[in-house]
Protein chains: 2
Amino acid sequence: MRIGELSKRTGVSPRLLRYYEEQGLIGAKRSPNGYRDYDERYVDRVHQVRGLLDSGLSTRIIKQLLPCLDRPDAIYVSDATPETIAVLERERERMDERIRCMVRNREAITDYLARVRRGGDAPAEEADPTGEAAPAGASAPVAAGG
Amino acid sequence: MRIGELSKRTGVSPRLLRYYEEQGLIGAKRSPNGYRDYDERYVDRVHQVRGLLDSGLSTRIIKQLLPCLDRPDAIYVSDATPETIAVLERERERMDERIRCMVRNREAITDYLARVRRGGDAPAEEADPTGEAAPAGASAPVAAGG
DNA sequence: ATTGACCTTCACACCTATGGAAGGGTTTGA
DNA sequence: TCAAACCCTTCCATAGGTGTGAAGGTCAAT
């Protein structure tokens, strides 16, 4: 398929698809006339890239990750340089932290929304059985960044 | 404490702390002499902001999130405009998606690393420190972005 | 030939983050 | 008292990242 169809099927603008290609995230065969020629795999590939970007990973990192996330089984294992493996391990740790941080903050938001809904627009009293009001950062939804 | 100490204790430069204040992420009391005056809470606060930024949230969103993540319980409930609540709900959904995406991709990386180690030159086992629930059978590291 | 999709390339916008200079006040300690 | 170290503001400039817009040309089908 050409870039327009891939764009429609992924919801990613042609402009952005070309940008991703420029960044080395996706590559396409070319038809004799110079048009980009994508096969079915690219639909998932683009979604994957989008997901990783939305996860906060940079294009530079994603470029290194992608060969490892492809799943034609263990072929690429031999491709992985020790350097790449180190990058992956570091990035996995970062993802761990990010996940922990987001989970905690999401819980906090969930709690907040629940409280708002319970109390409506009237200032809700703290009839909270948990009691503790968290004096100084006790149960703070903090997650260290880096 | 003053900005220099907060900087040392958070690892965030004074320059950046002022920037965050300018963006409305943190605010400080002022001493009579005009110096910023932070109390202990701000150490966590700064870490929290860093974590959220590292999670991919923009300063604009974080600004709206923060009042809800503070935990002096139900005081801020009356502060929340319907608009803010809508923002929160939307953002929570986004966080859900981002979390799902990251978990999946982290599993994929974990799998890959395990495979490399099994077939590579240094067979080693490692436990997953987070124990995050992984969707059983979801092998595709793809996660929709938008 | 006109239309629409595609091509490349240049330039730009926004965001986070940082640096420096100018010009001036405050604290601390020798 | 004097200097060093810290703090203040404002402004300007920069860097790298993601993402767009538009110009000017090509390809293919009606």
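Because the structure is predicted, anything quoted here is derived from the model rather than measured. Proteins get letters first, then strands, A, B, ... in listed order; numbering begins at 1 in each.
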Subject >> NZ/NE/NH1/NH2 to OD/OE distance under 4.0 Å, A:D37 and A:R30 >> reply: no
With the side chain counted from C-beta on, respond yes when [X] and [Y] share a heavy-atom pair under 4.5 Å apart, and no when they do not.
| X | Y | result |
| --- | --- | --- |
| B:Q23 | B:K63 | no |
| B:L65 | A:N105 | no |
| A:D54 | B:E97 | no |
| B:M1 | B:R9 | yes |
| A:L17 | A:Y42 | no |

Subject >> Length of the line joining B:D54:CG and C:dC15:P, which is rounded to integer Å >> reply: 19 Å
**OP:** Output the distance between atom CD (B:E91) and atom CZ (B:R94), rounded to the nearest 0.5 Å.
**Re:** 5.5 Å
Subject >> Letter per nucleotide, 5' to 3', of nucleotides 5-10 of chain C [B base touched, S only sugar-phosphate touched, - untouched; heavy atoms, 4.0 Å] >> reply: BSSB-B
Would you tabulate the pairs of protein nitrogen or oxygen atoms and nucleotide nitrogen or oxygen atoms of nucleotides 15-18 of chain D closer than 3.5 angstrom?
| residue | atom | partner | partner atom | Å |
| --- | --- | --- | --- | --- |
| D:dT18 | OP1 | A:T59 | N | 2.7 |
| D:dT18 | OP1 | A:T59 | OG1 | 3.2 |
| D:dT18 | OP2 | A:Y19 | OH | 3.3 |
| D:dT18 | OP2 | A:T59 | OG1 | 2.8 |

**OP:** Decide yes or no on side chain to side chain donor-acceptor pair (under 3.5 Å) for A:Y20 and A:R50, but give the supporting numbers first.
**Re:** CA-CA 10 Å; A:Y20 290 156; A:R50 286 286 343 145; 2.5 Å; yes
